[in-house]
Amino acid sequence: MTTTLLTDIGLLVTNDPTLGTGPTGELTDAAVIIDGGRVAWIGAAVDAATAIAELGLGPLSDIDKQSAGGACVIPGFVDSHSHVVFGGDRAAEFEARMAGRTYEAGGIRSTVAATRAASDEELRARLYGFVDEMLAQGTTTLEIKSGYGLSVESEERLVRLASEVTDEVTFLGAHVVPAEFASREGGADEYVELVTGPMLEACAPHAKWIDVFCETGAFSVEQSRRVLEAGITAGLKPRVHASQLGPGDGVRLAIELGAASVDHCTYLSDEDVAALAASSTVATLLPGVEFSTRQPYPSGRRLLDAGVTVAIACDTNPGSSFTSSMPFCIAVAVRDMGMTPAEALWAATAGGAVALERADVGRLMPGTRADLVQLKTPGYVHLAYRPGVPLVQRVWKDGTLVVG
Ligand code: NIG
Ligand code: FE
């Protein structure tokens with residue numbers, strides 16, 4: 001495998017405070033040496049030739065030398081929340097919402113019908129298209145949830161397809177109660193039996209995570225607990241959708257069960273914030289959701305000031321947030337959630353990695369995966385300052401140039 005020297009980096013964000021300034025570990029006039037798909041060295045550009053010799057990676061003439069031309073280089077984005085295996089779309093629902101209709105969890109059922117009707121090939125083509133779209137926007141690690149199948153065979157299909165493109169697969173059979181169960185008395189509890197029994201058994205081999213939509217209109221706290229505990233028993237790790245449409249006890253349940261992350265957090269009480277701060281559970285904010293549903297933005301500032309670990313993710317899905325752009329989500333987090341550009345960038349990289357319990361991504365330091373994004377700009381503030389503009393110049397994934 002080639003050794004690469006990426007030099008002339010005007011501003012390098014490592015997210016390792018021991019390598020550079022501030023929590024984002026920033027260096028100027030920097031260089032990165034990549035070897036075997038991993039970061040081998042980081043330091044001042046003037047010291048790179050010596051480092052190559054000392055690491056025994058020379059001669060310099062054999063090294064693939066790349067110049068960032070003075071631009072900013074950041075870790076690849078870690079998008080810890082997406083739902084990108086589905087059929088159809090819900091443009092008409094979005095249009096109606098922009099005309100005043102409110103977002104409701106029940107809209108999920110129309111995507112379930114379209115997903116069940118789609119072939120493997122259709123779903124796969126769509127999925128791979130989203131992955132490419134995200135890579136082009138700098139996302140190098142992606143979590144993908146099931147949740148638009150809601151039958152044993154359909155959920156198994158979704159986690160299986162997701163596992164073709166990522167190790168971060170989440171079984172979300174408890175996304176909503178499907179129409180055929182919702183229409184009869186006691187149907188919701190029967191559906192929970194299915195999710196925690198045969199569906200879990202079929203899906204667990206393809207998944208790392210178990211998730212539940214703990215919300216009025218989806219699953220109660222008691223039902224959510226049953227789902228998460230069954231998943232944990234089957235060897236999956238818990239993460240939770242909570243407090244998206246209103247306040248509730250889902251955040252506290254997530255913390256109690258040691259969830260890696262609780263996602264949405266749109267309506268948090270002071271007690272929720274204090275409990276998050278005292279826990280190791282990440283609060284994952286999804287700026288695209290409030291943008292696209294016209295719900296109030298949660299305050300990232302409030303969480304950060306309380307000492308909560310915050311991640312930002314896109315939540316790409318056809319209902320509540322049909323953006324796949326982490327730069328867009330960073331821009332909204334800065335503009336509307338009170339986060340600084342540095343905090344938002346950290347949340348979209350290192351924060352996402354913590355939410356996925358990954359130490360090998362989201363930061364650039366010797367030993368981490370060489371997932372790097374070269375921007376077209378001298379700094380990362382431009383991610384918020386130039387919203388909607390494609391600012392990603394080149395992307396390396398595991399040390400291989402995949403974009404640019
Ligand atoms: O994360 N909240 C639940 N699930 C998705 C929305 C799904 C949909 O509307 O289709 C979310 O926002
Ligand atoms: Fe979601």
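Residue indices begin at 1 and follow the sequence shown. Just so you know, ligand 1 is whichever comes first in the structure, and atom 1 is the first atom listed for that ligand. If you're wondering where the values come from, they're calculated on a predicted model, not measured in any experiment.
Salt-bridge formation is not detected for the pair K65/D8: no Lys NZ or Arg NE/NH1/NH2 atom is positioned less than 4.0 Å from an Asp or Glu carboxylate oxygen. Between E180 and R116 there is a salt bridge, since a side-chain N of the basic residue sits under 4.0 Å from a carboxylate O of the acidic one.
Closest protein heavy atom to atom 4 (N) of ligand 1: H175 NE2, 2.7 Å.
Seen from the Fe ion (ligand 2), atom NE2 on H83 and atom NE2 on H241 lie at an angle near 110° (rounded to 10 degrees).
For atom 1 (O) of ligand 1, the choice among T266, D315, V289 with the nearest heavy atom turns out to be D315.
Checking only distances, T111 never comes within under 3.5 Å of ligand 1, N or O to N or O.
Using bins of under 30°, 30° to 60° and over 60° for the plane-to-plane angle, the ring pair H175/H241 lands in the tilted bin. Ring orientation note: the planes of H382 and Y385 are nearly perpendicular, at an angle over 60° on the 30°/60° scale. Using a 30° and 60° split on the angle between ring planes, H264 and H81 fall in the perpendicular class, above 60°.
Not a single heavy atom of E215 sits under 4.0 Å from any atom of ligand 1. Within the 4.0 Å heavy-atom cutoff, F86 does not count among the residues contacting ligand 1.
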Before giving the answer on side chain to side chain donor-acceptor pair (under 3.5 Å), spell out for S80 and E143 the whole-Å C-alpha distance, their side-chain angles and the decisive distance to 0.1 Å. CA-CA 5 Å; S80 60; E143 180 265 12; over 6 Å; no

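Checking H264 against the Fe ion (ligand 2), every N/O/S atom stays at or beyond the 2.8 Å cut-off.
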